[in-house]
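I have placed the structure first, in the form of structure tokens, so that the comments after it can refer back to it.
This structure is a prediction, so every number in the text was calculated from the model and none was measured.
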Amino acid sequence: MASSSNILAQRWAWGAGFGATAYKGELADWGYRPSTAELKETLPAIHLFVSYQERHAFSYRFQMLVSRIQGNIANRPSTLFPTGKPVTVITPNGKVADASIFATSITEFSGIVDYNFLDYEIDPRHFNWTPYFYGGLAAVFASPDKIDAFLTPGIPYGIGVKFQINKSWGIRGELGSRKVFSDKIDQVASYDGNMNSFTLNGGDQYLHLGFSVTYTIQSIFCPKVY
């Protein structure tokens, strides 16, 4: 007589890394292809996270991301902001400021779920790498240079690849976007003329490319026992 069972151990890991963010909104409405000038507006980012994995397919992480985003209407004139038309914003003290160039500091706290496409383990008989899709919810604290700081919700989502080098160390890379429910990130009113801290239409967006090193602090999945 023979029997088999899966002995599982929860897997906790710390991660840290660096990356870059790029802005997409009223001042950079580039669709799927940014221009070279818009790519030059990309700024560095750092992130920290802790993740938990109990099953092969799903892992859960809490992440903090710190970066800045910036834009310039001169990079891509549009029908909304044609060349020669001044782009202005009313500051909290009532003064009119030039909004054709902006910069905003971003601090993001997010809860993210990773879906691993492969049976992700470090046991040599199984996969020690996997592509994955991620999505979640975020609270984004934005500190623009011309208006008051504010807090807005957002949705992080994207794709990535993770690789477990050995029982303790791993690496990952991911590319995704943050869709925020505010039109104040770029400090310019949306197409309907309202600059709101919360809106379901016309919200701004920023893209994030990140690379991380992870360290596992508990055993991961044990091999099958027969």
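- Two residues are said to be in side-chain contact when any heavy atoms from C-beta on lie closer than 4.5 Å; Leu118 and Trp129 meet this criterion.
- The shortest distance between side-chain heavy atoms of Gln63 and Val50 does not fall below 4.5 Å.
- Not counting sequence neighbours, the partners of Ile155 by the side-chain contact (heavy atoms from CB on, under 4.5 Å) test are Leu137, Tyr157, Phe181.
- Ring centroid separation for the pair Tyr23 and Phe102 comes in under the 6.0 Å cut-off.
- The salt bridge (Lys or Arg N to Asp or Glu O under 4.0 Å) pairs that include a residue from residues 39-48 number zero, where partners must be two or more places apart or lie in different chains.
- The distance from the CD1 atom of Ile69 to the CG atom of Leu43 is 9.0 Å, given to the nearest 0.5 Å.
- Proximity of the aromatic rings of Tyr115 and Tyr134 is defined here by a centroid distance below 6.0 angstrom, and this criterion is not met.
- Put simply, the side chain of Tyr60 does not reach to within 4.5 Å of the side chain of Ile112, judged on heavy atoms.
- Ion pair Asp114/Arg61 flagged as a salt bridge, since at least one NZ, NE, NH1 or NH2 atom sits closer than 4.0 Å to an Asp/Glu carboxylate oxygen.
- To the nearest 0.5 Å, the span separating OH on Tyr215 from CH2 on Trp169 amounts to 6.5 Å.
- Residues Trp12 and Tyr52 bring their aromatic ring centres within 6.0 Å.
- Here the side chains of His208 and His47 are in contact, with some heavy-atom distance below 4.5 Å.
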